[in-house]
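Each remark here refers to the structure printed beneath this line.
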Amino acid sequence: MRVTMSPRHAGAVSRSHPEWELPMLIGHLSDPHVRPRGQLYQGVVDSNQALREAIDHLLRMDRQPDLILVTGDLVDEGRPDEYEVARELLDTLGLPYLVIPGNHDHREQFRAAFADLGYLPGEGPLHYCMDDYPVRIIGLDSCVPGAHHGHIDEAGLRWLTETLASDRSKPTLVMLHHPPFACGIPYMDEYRYLDPGPLASVLDRCANVELVLCGHVHRPMLRRWAGTVVCACPSTVTEIDLQLHPAAAPSSHAGPRGVMLHLWEPGLGMVSHLSQIGAFAGPYPFA
Ligand SMILES: [Fe+2]
């Protein structure tokens, strides 16, 4: 495993990457908000069953993903008994997966829960770089302990600058929980990534960053930003309601739920698909 860890750890090293010539299918889940066994998310929705269904949905695809990414809020309250369930469910994937924390996670409980996977740093923010695949994955910890908004400090941005500089060619995905933009839904923008300018100026110089992947907003969203594209993934459990009036009151519904699939094909580029979870009429003739 080739991993570059966050600021207090080893620096990034340039290598040649013949595996770039290979295609790669990346499954992307977000915001499962796992609860302790037998408890419901917000007292009303079985988020553990919803994650089970999202995992089954991915495993039923006609082409198996090579890697799964989970962009934060793995659990709802940062409790060890929630992480125990999250691990148990994610391990049923039988596929490699990479996780980053969200504002509902607890940094140290998160680190302890996934330490044995070998890619999280032993201390400090949970930034890392995974170089084992045709697509390079950089995980960023945009969480501020005790708060719900997003931010990455100067040390984190320096580490990101050095890590990106170590490989300017390999196709790269950067993931962080908080989308670095205001989305127009007032009750989400209250908890947005504050001051995205410094992060934008780091990414703006990197033509090989194909996508920035996020969660947090519990809806699919796209935005052109910093010379790349930001793609927010729906939650596996609830959808934040699409209300754009500045005085709109916070609300959500149980669905539609979905996962994203990011397909890297050398020579063609990166294509992202939204795949909704559920039973739908059809199949119909294609003509
Ligand atoms: Fe969330």
Side-chain angles (χ1 to χ4, degrees), residues 27-36 39-55 57 68-79 82-83 85-87 89-90 97-107 109-110 113-114 126 139-152 175-194 196 212-223 230-243 248-260 274 276-277:
H28 179 189
L29 306 172
S30 202
D31 295 77
H33 289 266
V34 165
R35 301 286 0 250
Q39 292 188 34
L40 300 177
Y41 172 51
Q42 296 177 339
V44 288
V45 187
D46 188 345
S47 53
N48 300 352
Q49 178 59 22
L51 176 55
R52 229 172 257 124
E53 289 169 12
I55 289 169
H57 182 76
I68 305 296
L69 306 178
V70 191
T71 46
D73 284 358
L74 272 80
V75 306
D76 196 45
E77 293 184 356
R79 297 164 47 155
E82 293 179 319
Y83 285 112
V85 179
R87 265 311 291 264
L89 290 170
L90 288 170
Y97 62 86
L98 301 177
V99 293
I100 54 167
N103 52 299
H104 283 262
D105 288 299
H106 181 284
R107 182 176 287 163
Q109 299 295 349
F110 187 101
F114 297 101
L126 298 163
L140 297 175
D141 179 351
S142 58
C143 299
V144 179
H148 283 292
H149 67 277
H151 176 73
I152 296 173
M175 56 176 181
L176 72 163
H177 180 66
H178 299 80
F181 58 80
C183 69
I185 300 175
Y187 38 88
M188 289 313 298
D189 286 342
E190 232 178 284
Y191 308 113
R192 70 186 186 279
Y193 187 102
L194 300 178
V212 174
L213 305 180
C214 304
H216 190 53
V217 286
H218 290 219
R219 302 191 59 82
M221 289 183 197
L222 291 175
R223 190 186 194 278
V230 183
C231 170
C233 183
S235 163
T236 59
V237 60
T238 54
E239 184 184 66
I240 298 290
D241 288 345
L242 178 55
Q243 300 185 93
S251 63
S252 64
H253 280 82
R257 301 172 294 123
V259 302
M260 300 293 302
L274 168 64
Q276 290 187 315
I277 299 165

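Just follow the structure's listing: the first ligand is 1, and inside any ligand the first atom is 1.
The Fe ion (ligand 1) has Asp31 OD2, His33 NE2, Asp73 OD2, His218 NE2 as its protein N, O or S neighbours under 2.8 Å.
Checking each of Arg223, Met221, Arg219 against Cys183 for a side chain to side chain contact (heavy atoms under 4.5 Å, CB included) leaves exactly one that passes, namely Met221.
Looking only at distances, a side-chain donor or acceptor of Asp73 sits under 3.5 Å from a matching main-chain atom of Asn103. Of the possible polar contacts, one joining the His177 side chain to the Thr71 backbone as a donor-acceptor pair under 3.5 Å is found. Listed for the Asn48 side chain is a donor-acceptor partner under 3.5 Å among the backbone atoms of Arg35.
Residues that satisfy the side chain to side chain donor-acceptor pair (under 3.5 Å) test with His178, not counting sequence neighbours, are Ser142.
The residues Arg257 and Glu239 are annotated as not salt-bridged, no charged nitrogen and carboxylate oxygen being separated by less than 4.0 angstrom.
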